[in-house]
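The block underneath contains the structure these notes are about, expressed in C-alpha cells.
None of the values given here were measured: they were computed from a predicted structure.
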Amino acid sequence: MNAVRSVRRVAVVTGAGSGIGRSVALELARGGWAVAVAGRRAAALEETAALAGPDVLCVRTDVTDPEDVAALFTAVRDRFGRVDLLFNNAGTFGPAGVRFEELTYDAWRSVVDVNLTGAFLCAQAAFRQMKEQTPRGGRIINNGSVSAHAPRPHSAPYTATKHALTGLTKSLSLDGRAHSIACGQIDIGNAATEMTAAMQTGVLQANGELAAEPVMDAADVARTVRHMAELPLEANVQFATVMATNMPYIGRG
C-alpha cells in the first residue's frame, strides 16, 4: 500500500478517460489539485494521467458496480488521505436515433445505470468519506446537461436521467449542509468531445430537420468546474449552464 501523501486538495473525476472528464482532470491538476481519475478504460486513464502530471491516481472503475465504486474511494483514501471534490461526470447518451416506442428495456436500463445509479453510488461514497474526514466536508459537482431543462428528439433515457440528476443535486445540497458538504450541478451544452462529434455535421432538430450545431471548447467547461470547485465551502454555485453561444437551445423547438 502506498503511503498517504500530504496534499492540500484532492479531487475524484469519473469518466476521466476522454472528453469533459479529461479536460477537468487536466485543469484541476494545473491548479495544484491531486486528482484521481476513474473510468472503465484503463489505457485511456493512463493517457489522461500522462498529460496531467505526477499527482494523479488511475483507478479503473465501472460506476454502475458498487464494489468498483467502493474500491475507488478506498484507493483514493489510501493514496491521498481524503476527498475534497467529486466531479460526477461519467455518462452515456444511449442509443442514437431510436424512437421512444422502439426503445428496448436493456437500452433504457443501461443509460439509467450509468447516468443516475452511477452518480448516486459515487456521490454516496464521497459523501460518507467527506462526512468522516478531518477537516470535515467537501464538494460534489454533478455533470447535468441542458437536457436537464429541454430534450432533444429521441432522447428519453438521457433526458430523464439528467432531470433526475437535478433532483439528486438538490437533495445532496440539503442533506450535506450539516456536514459541510456542498453540491452543485453544471449543465453543459455542446462541448466539443468525441461524444458530440456528430453535432458539427448534422443532428436531428425538433422540427424534424437535420442541422449542424456550433460547439465550444471543453476547456471552457473545465475552467468553470474549477471555479466551482475552488470556492470556499461557505459558497456554492448551485446550478451553472455553460453552452456554445449559438447553439439552438434557447428557443429550442
Please report the shortest heavy-atom distance between Val37 and Ala16, naming the atom on each side.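 Looks like CB-CB, 3.5 Å.
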Calculate, to the nearest 0.5 Å, the distance between atoms [atom1] and [atom2] belonging to [X] and [Y] respectively.
{"X": "Lys131", "Y": "Arg136", "atom1": "NZ", "atom2": "CZ", "value": "8.5 Å"}
{"X": "Ile188", "Y": "Thr224", "atom1": "CD1", "atom2": "OG1", "value": "8.5 Å"}
{"X": "Asn142", "Y": "Leu86", "atom1": "CG", "atom2": "CG", "value": "7.0 Å"}
{"X": "Leu85", "Y": "Met228", "atom1": "CG", "atom2": "CE", "value": "9.5 Å"}
{"X": "Arg82", "Y": "Met130", "atom1": "CZ", "atom2": "CE", "value": "8.5 Å"}
{"X": "Ile181", "Y": "Arg139", "atom1": "CD1", "atom2": "CZ", "value": "11.5 Å"}

Are Leu204 and His154 close enough that some pair of their side-chain heavy atoms sits under 4.5 Å apart?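 The answer is yes, as the side chains (C-beta and beyond) meet within the 4.5 Å cut-off.
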Do NZ/NE/NH1/NH2 and the carboxylate oxygens of Asp106 and Arg109 come within less than 4.0 Å?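 Here Asp106 does not pair with Arg109 in a salt bridge, since their nearest N and O are not under 4.0 Å apart.
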One thing to verify: whether Arg128 and Glu132 come together as a salt bridge, which I'm taking to mean a side-chain N less than 4.0 angstrom from a carboxylate O.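 Salt bridge absent between Glu132 and Arg128.
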Under 3.5 Å, is there a donor-acceptor pair between the side chain of Gln129 and the main chain of Phe127?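 Flag not set: sc Gln129 to bb Phe127 has no pair under 3.5 Å.
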Could you note down all residue pairs passing side-chain hydrogen bond (donor to acceptor under 3.5 Å, both in side chains) where residues 14-24 supplies at least one of them, sequence neighbours left out?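 Found Ser18-Arg41, Arg22-Glu47, Arg22-Thr48.
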For the pair Asn115 and Thr92, evaluate side chain to side chain contact (heavy atoms under 4.5 Å, CB included) and give the outcome as yes or no after the intermediate values. CA-CA 7 Å; Asn115 293 4; Thr92 180; 3.7 Å; yes
Crowded around Arg226 CZ? As in, over 12 foreign heavy atoms under 6.0 Å?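 Result for CZ/Arg226: enclosed.
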Do other residues, nucleotides or ligands put more than 12 heavy atoms under 6.0 Å from the CD atom of Glu67?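 Incorrect, the count does not exceed 12.
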So, applying side chain to side chain contact (heavy atoms under 4.5 Å, CB included) with Phe73, which one of Val83, Leu121, Asp78, Val59 is it?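 So, applying the side chain to side chain contact (heavy atoms under 4.5 Å, CB included) to Phe73 and each of Val83, Leu121, Asp78, Val59, only Val83 qualifies.
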